[in-house]
Amino acid sequence: MTETPMPTAYKDPKLPPPVELPEGPDWVGVLKVFDAHVAETLVVAARTLYPHQDLPERVYRRTVVAFDGLAAKMPAVAQGFAEFVDLVDGAMPVPFRELSESYRVNGLKAIEGTAAFRLVQRTTVRFLYDDIEVWQAFGYEGASAHLGGYVDRGFNDLDWLPEPPPGI
Amino acid sequence: MTKYDLDDSGVVVIVGSGAGGGTLAHELVKRGVEVVLLEAGKHLTADDFVNDEWAGYEMLSWLDKRTASGTWRAAKDHPTAPSWSCQVVGGTTTHWSACCYRFIEDEFRAKTLYGEIPGTSLIDWPFTVADIAPYYELAEAKMGVTRTNGLPGLPANNNFKVMYAGGSKLGYNVSTGRHAINSIPYDGRPATIQDGFTITGDKTGARWSTLAVEIPRALATGKLELRPQSRVTFIEHDAAGKASAVVYVDAAGVTHRQKARAVVLAGNCIETSRLLLHSKSGRFTDGLANGYGHVGRHYLRHIIQTVWSIFDKPVYMHRGEIMGGMIDDFVRHDPARGFAGGYYIEMNSMGLPTTAAFLDPGWWGRDFVSVIEQYRNMAGIFMSGEDMPQPGNRVTLGDELDAFGVPVANLHYDDHPNDLKLRVHGYKTLSAIHAAAGAKRSIEAPSYPASHNLGSNRMAAKAEDGVLDGNGRAWEVPNLFIADGSTFSTGGACNPTLTIVALAIRQAEFMAGRMAAGEL
């Protein structure tokens, strides 16, 4: 299949830009609540839940920075993330973030019914797929009103099916 | 803005500024009635809105905790937010996707047409299609509904081309449908720029809302006082059993008591039922207007579900108006299908953030990833069908209190066998349409939090069958009215807003008439 290039994604100009993180392990320096082990475990958990081969590590890290922001606002949420890390680390003689993929997947399956799992899974979906770099990767263009909408930018440009009759 | 005194007992107090309350306010002040409109949310403007799914959700939604029980998926997927509506001036009209279909004649006589269905509490509406038809016409003109009054339909977008290709191949009647979104400039508002963000507020005013149309025009009459950030907690009555005042808390946390000539609740199903149940007194021991125990019962939320399909080539479904497609072949009740009631097929699109969240909440792993990575090749198709009223599907009050001292609402819903039959039939039809257009894979997504909230304070021909008479007036409290979807006697199949607006116009005429006659 020939790949056409992905169009450019935009965040609404009224919203803050994505957080800038250092590329190395220093990224944990921006965190308010999580320590490095909790943060790195959650990054590995997010990638195990949603293992997008071609997404860079930084999008998963930004997702965990968003978790940290919630945890800083809500102590009960902070406790939920801590419980999650304890649960997944306690299941095997090796810390979760050092496990091979099949053990990580089985470990997550084993705790699917818990509130801590639900918190991590739902919150990962909430923030990972709200990241503009992920939008760009999967072809979602995002905000458009500041560019005049899509009326002149392809709202009806699909050309691989028959054109419906005018006025249908 | 006009100001009314808290002790002015000559005003009509409306609680909620959405499709019902906002329209009713305008229609009453046009007739010279003095109105105080209380809205729990803020008064935002088009400039405040953002083109962003989650930021828009957080800006507009009613986010207070609720609880859920019953067999419905919402109790599992969204246990503290089973129902969804807005808390902002304009209510859920700041969010809606503007589908405007009328109930058909049969839907006003569901009990007569469907007969006895075990487990249901079906009734006929207390009026016929002929009674409401003139008000549908007024509503369509007011809202600028496409394909009425000479207005053209919305143009076909990419997602529609997929729906059209599949639906026409199967012989269905496919069109872009009817919407309160300007396809051409109308009523001082511009044509749509196809920004794809009708659900996060409308930045241009191309789509009708009470925020953009009814409320500013009502304010201009000098008869309306709008009080945003006013959270109503209790409805009081006098010794004669008439509603006499509305208690509310303002943005600073100060409690006020606004006297009233008549009170209208328009806070969407959950909040309106919750207020009635909470407003208990020595005279109304089970809550206001609840002598027969119908308040909060017979709750309906429509059979709503989406099929998302993956194609070989890009669709970019997020470009353009999100629900501009409709198939009406399954609207009529047809006993040969094996269930009662019908459904509309409509188009649906979402951005990546909410597609991921609602595709199948709880789904994770490599299979999910392989689907969502193909977002740009995805198309969406949707249905809204009639669910069966059941007395046990209801809003009740729990033990936990909210920040205003009002009990948190629980929403209980068990799927009726008829609902499940309709769901299965609908999923098969939706998937077949996409398959006919060349889909590689289709995902049957469950309902998201209920947005068509209906029936929980229903109108009925007899007091023992419902909370309200045919004018939306409480049988037991002659100056208490309701103007939201909770008044629906049965749900019908189509999106409810057009009917809510038509009923509000009709109700304003009734109320103004009674006032002129000295009877209200």
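Basis for what follows: all heavy atoms, side chains included, without hydrogens, waters or symmetry-related copies. All values reported here derive from a predicted model rather than from experimental measurement. Lettering follows sequence order; numbering is per chain, from 1.
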Which of [options] touches chain A most, by non-hydrogen pairs under 4.5 Å:
options: B:Ala165, B:Gly365, B:Ala437; value: B:Gly365
options: B:Arg147, B:Gln374, B:Met317; value: B:Arg147
options: B:Ser183, B:Ser168, B:Ser175, B:Gly153; value: B:Ser175
options: B:Ala156, B:Ser370, B:Ala191, B:Gly177; value: B:Ala156

[X] versus chain A, the contacting section by heavy-atom distance below 4.5 Å:
X: B:Tyr375; answer: both
X: B:Phe49; answer: backbone
X: B:Ala356; answer: both
X: B:Ala55; answer: side chain
X: B:Asp48; answer: backbone
X: B:Val162; answer: both
X: B:Lys76; answer: backbone

Looking only at the side chains, is there a donor atom on one of [X] and [Y] sitting less than 3.5 Å from an acceptor on the other?
X: B:Asn173; Y: B:Asp328; answer: yes
X: A:Arg126; Y: B:Thr354; answer: no
X: B:Asn158; Y: A:Asn156; answer: no
X: A:Glu20; Y: A:Trp27; answer: no

May I ask you to name which of [options] has the most heavy-atom pairs under 4.5 Å with chain B?
options: A:Pro166, A:Pro51, A:Gly139; result: A:Pro51
options: A:Val125, A:Val134, A:Thr124, A:Val151; result: A:Val151
options: A:Lys14, A:Lys11, A:His146, A:Arg153; result: A:Lys14

Does any heavy atom of chain B fall under 4.5 Å from the side chain of [X], the backbone, both, or neither of them?
X: A:Leu15; result: side chain
X: A:Lys109; result: both
X: A:Phe117; result: side chain
X: A:Trp160; result: side chain
X: A:Asp159; result: neither
X: A:Leu49; result: both

Does [X] pair with [Y] as a salt bridge, N-O distance under 4.0 Å?
X: B:Asp360; Y: B:Arg73; answer: yes
X: B:Lys440; Y: B:Asp312; answer: yes
X: A:Arg118; Y: A:Glu112; answer: no
X: A:Glu101; Y: A:Arg47; answer: no

Non-hydrogen atoms of [X] and [Y] that approach each other most closely:
X: B:Pro82; Y: B:Arg66; value: CD-CB, 4.1 Å
X: B:Trp96; Y: B:Arg207; value: O-NH1, 3.0 Å
X: B:Gly380; Y: B:Met347; value: O-CG, 3.9 Å

N/O donor-acceptor pair under 3.5 Å between B:Gln194 side chain and B:Glu321 backbone: yes
Members of residues 52-88 of chain A whose heavy atoms come closer than 4.5 Å to chain B: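 Checking residues 52-88 of chain A against chain B gives A:His52, A:Gln53.
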Contacts of residues 195-204 of chain B with chain A (heavy atom under 4.5 Å): B:Asp195, B:Phe197, B:Lys203
Heavy atoms of other groups near B:Asp367 CG, more than 12 under 6.0 Å: yes
For residues [X] and [Y], establish whether the separation of their ring centroids is below 6.0 Å.
X: A:Tyr50; Y: A:Tyr129; value: yes
X: B:His95; Y: B:Trp84; value: yes
X: A:Tyr150; Y: B:His318; value: yes

Ring geometry between B:Trp54 and B:Phe358 (parallel below 30°, tilted from 30 to 60°, perpendicular above 60°):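 It falls in the tilted class, 30° to 60°.
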Residues A:Arg104, A:Thr48; criterion side-chain hydrogen bond (donor to acceptor under 3.5 Å, both in side chains); working and verdict: CA-CA 7 Å; A:Arg104 277 184 277 122; A:Thr48 308; 2.8 Å; yes
B:Lys65/B:Asp402 under salt bridge (charged side-chain N to carboxylate O under 4.0 Å, His left out): CA gap, chis, key distance, verdict: CA-CA 8 Å; B:Lys65 181 182 174 183; B:Asp402 72 8; over 6 Å; no
